Amino acid sequence: MDKSKQPFRKSKRSFRRRLPPIGSGDRIDYRNMSLISRFLSEQGKILSRRTNRLTLKQQRLITIAIKQARILSSLPFRNNEKQLERVESIPRTTGPRTKNK
C-alpha cells in the first residue's frame with residue numbers, strides 16, 4: 001500500500017497517566033489548609049476544575065471547604081499584598097490643606 005493511500009493513524013506516543021491531585025487518604029476539610037491552598041490562585045481565587053484536574057464531586061467539596069475557611073477567617077477573601085505595597089509607598093499628607101499663592 002502506498003504511503004499516500006494509508007488511512008490516517010495517530011502517532012504512538014507514550015502516555016503517562018497523571019496522578020490525581022487528591023489522594024484517597026486526603027480529607028477535604030476547611031481545617032486542612034495545606035490541601036486547600038493548592039487549589040487557590042495567587043490572588044486567592046478558586047481555580048477551575050480543568051486546571052485542578054478534579055472530579056465534579058471533589059471540586060464541590062473543595063469549594064465548600066474554601067468558603068467555610070474564608071468565613072471562619074482561616075483564609076482571606078482576597079490576597080491584597082501587592083495592593084497594600086502600592087498604597088503604603090504613596091506619601092500621605094496629614095493636616096489641613098492650604099492654598100499655595
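Treat the numbers as computed from the prediction; the structure is a model and nothing was measured.
Cluster partners of F77 are absent, since no Ile, Leu, Val, Met, Phe, Trp or Tyr has side-chain heavy atoms less than 4.5 Å from it. Hydrophobic cluster of L56: no remaining members, since no ILVMFWY side chain lies below 4.5 Å from it.
Heavy-atom contacts from other residues, nucleotides or ligands closer than 6.0 Å to CZ of R53 number 12 or fewer.
Side-chain atoms of Q43 and S41, non-hydrogen and from C-beta on, do get closer than 4.5 Å to each other.
If you chain together hydrophobic residues whose side chains sit under 4.5 Å apart, L47 and L40 never meet in one group. If you chain together hydrophobic residues whose side chains sit under 4.5 Å apart, I46 and Y30 never meet in one group.
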Which donor-acceptor pairs under 3.5 Å do the side chains of residues 60-75 make with protein atoms, sequence neighbours left out?
| unit_1 | atom_1 | unit_2 | atom_2 | d |
| --- | --- | --- | --- | --- |
| T63 | OG1 | Q59 | O | 2.8 |
| R70 | NH2 | G44 | O | 2.5 |

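Of all non-hydrogen atoms in L35 and R38, the two that sit nearest each other are CD1-NH2, 2.7 Å.
Judged by distance alone, the side chain of N52 and the main-chain N or O of S48 form a donor-acceptor pair under 3.5 Å.
A search for side chain to side chain donor-acceptor pair (under 3.5 Å) contacts involving N32 returns S34, not counting sequence neighbours. Considering only residues two or more places apart in sequence or on other chains, R31 meets the salt bridge (Lys or Arg N to Asp or Glu O under 4.0 Å) condition with D29.
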Kindly determine whether I22 and F39 satisfy side chain to side chain contact (heavy atoms under 4.5 Å, CB included), including the steps that lead there.
-> CA-CA 11 Å; I22 297 178; F39 303 107; 3.7 Å; yes
